[in-house]
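Every number for a ligand or one of its atoms is a count from 1 in the order of the listing. What you see is a predicted model; the values in this text were computed from it and never measured.
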Amino acid sequence: MEQILVAEDIYKTYRTASGPVRALQGISLSFETGLFYAVIGRSGSGKSTLLHVLSGLDRPDQGTVRVEGRDLYACSDHQMAIFRRRYTGFVFQQYNLLDEYNVRTNICMPLTLDGRKADRQFLDQLTKILMLEDKLDRYPEELSGGEQQRVAIARSVIARPRLIFADEPTGNLDRKTGEETMKLLKSCAKAFGQTLIVVTHDLETAREADRLIHIEDGRVTGKKEGE
Ligand SMILES: Nc1ncnc2c1ncn2[C@@H]1O[C@H](COP(=O)(O)OP(=O)(O)OP(=O)(O)O)[C@@H](O)[C@H]1O
Ligand SMILES: [Mg+2]
C-alpha cells in the first residue's frame with residue numbers, strides 16, 4: 001500500500017528552566033494511505049508532541065518527516081503553512097474555534113485562508129453527516145461541547161486533506177457523544193480516503209483502529225494491527 005507519511009528517527013527536546021525535557025527520543029513510523037491509526041500512551045509520553053511534529057506544526061530537533069516523499073521540514077515556513085492548509089486537518093482537544101465567526105465560517109476557514117471557496121455540495125454533505133445542518137448560523141458559544149467538537153471535525157475535513165490529526169478529540173465529551181463523534185470522524189475519513197491519526201485514552205477507540213501505536217517516554221514501544 002502507498003505510504004503517505006514517513007517519520008524517521010525523530011528527536012525533540014524542550015528546554016525548560018529546570019532542564020531539558022526529552023519529549024521524543026528516536027521515533028520512526030510510517031503511515032499508509034486511508035488507514036486509521038490510534039496513538040496511545042501515558043500522560044506526558046510525547047503523544048501531542050509527536051502529532052505536532054508529524055503535522056508540520058512543530059519542527060523536530062532531528063529526523064525527517066516525509067509526506068508523499070517530500071521532506072516536510074526542508075521547506076520554508078511559508079511553504080509549510082501552505083502544506084498544513086492543503087494536506088492536513090487538525091482537531092485540537094480544546095476545539096480552537098473562532099468565537100467571533102459563525103459555524104459556517106469556522107468550518108470553511110481552512111479554505112478561506114487558502115483563497116478557495118467551499119464546494120456547496122460537499123459542505124451540505126459534511127454538515128449532514130455531522131448533524132450540523134441547522135447550526136450553521138450559530139456562534140461557537142451558542143453550542144454544546146459535542147457540537148463544537150463536531151464543528152472542529154467538519155473544519156478539519158472541509159478542504160479534504162489527505163491527513164487528519166486529532167488529539168484526544170473525545171476527551172471532553174461524555175461517553176455516548178464521544179463514541180458518536182469518533183464514528184463520524186471515521187466515516188468521514190473512510191468516505192474521503194483520508195488517513196486518520198488519533199491520540200486517544202479511550203480503549204474502545206484504540207481497539208477499533210486499523211493500527212495501534214504505543215508511545216512510552218518518547219519512544220515507540222509497541223505497534224500492532226487493530227482487531
Ligand atoms: N511546550 C513545552 N515546554 C516544555 N515541555 C513540554 C512542552 N510541551 C510538552 N512538554 C513536555 O514534553 C513531554 C511530552 O509532552 P506531550 O504533551 O507530548 O505528552 P502527551 O503524551 O501528549 O501527554 P497528555 O496525555 O497528558 O496530553 C512531557 O514531559 C511534557 O511535560
Ligand atoms: Mg497530549
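- Inspection of the E8 and S28 side chains reveals no N or O donor paired with an N or O acceptor under 3.5 Å.
- With hydrogens left out, the protein atom closest to atom 21 (O) of ligand 1 is K47 NZ, 2.7 Å, a heavy atom.
- Under a 4.0 Å N-O distance rule, the pair D119/R160 qualifies as a salt bridge.
- Here the heavy atom of the protein found nearest to atom 18 (O) of ligand 1 is T49 OG1, 2.6 Å.
- Considering backbone and side-chain atoms together, A23 places no N or O closer than 3.5 Å to any N or O of ligand 1.
- Some N or O of G44 is nearer than 3.5 Å to an N or O of ligand 1, by distance alone.
- For R22 and Y14, the positive end is not near the middle of the six-membered ring at less than 6.0 Å and at most 45° from its axis.
- For atom 2 (C) of ligand 1, the nearest protein heavy atom lies under 4.0 Å away.
- Listed by number with element, the atoms of ligand 1 under 4.0 angstrom from any heavy atom of S45 are 19 (O), 21 (O).
- Atom 26 (O) of ligand 1 has S43 OG, 2.6 Å as its closest protein atom, hydrogens excluded (heavy atom only).
- For ligand 1, the atoms sitting less than 4.0 Å from at least one non-hydrogen atom of T16 are 4 (C), numbered in the order shown with element in parentheses.
- In terms of protein heavy-atom proximity, atom 29 (O) of ligand 1 is closest to V21 CG1, 3.5 Å.
- A salt bridge links D210 with K190: the closest approach of a Lys/Arg side-chain nitrogen to an acidic carboxylate oxygen falls below 4.0 angstrom.
- S48 CB, 3.8 Å is the protein heavy atom nearest to atom 17 (O) of ligand 1.
- For H201, every heavy-atom contact with ligand 1 shorter than 4.0 Å involves the side chain, none the backbone.
- If you check which protein heavy atom lies closest to atom 4 (C) of ligand 1, you get Y14 CB, 3.4 Å.
- For F165 and H52, the gap between ring centers reaches or exceeds 6.0 Å.
- A donor atom on one side chain and an acceptor atom on the other are not found under 3.5 Å apart for D71 and T64.
- Coordination check, T49 versus the Mg ion (ligand 2): failed, since every N/O/S atom of the residue sits at 2.8 Å or beyond.
- In this structure, K183 does not pair ionically with E179, as no charged nitrogen and carboxylate oxygen lie closer than 4.0 Å.
- At a threshold of 4.0 Å, the pair D124-K128 does not count as salt-bridged, since none of the basic side-chain nitrogens sits closer than that to a carboxylate oxygen.
- D77 has a carboxylate O that lies under 4.0 Å from a charged side-chain N of R59, or vice versa, which qualifies the two as a salt bridge.
- Every atom of ligand 1 is numbered from 1 in the order shown, and the set under 4.0 Å from a heavy atom of R42 is 21 (O).
- Remark: aromatic rings of F122 and F192 are close, center separation under 6.0 Å.
- Judged by the shortest distance from any of its heavy atoms, H52 lies outside the 4.0 Å radius around the atoms of ligand 1.
- Not a single heavy atom of G41 sits under 4.0 Å from any atom of ligand 1.
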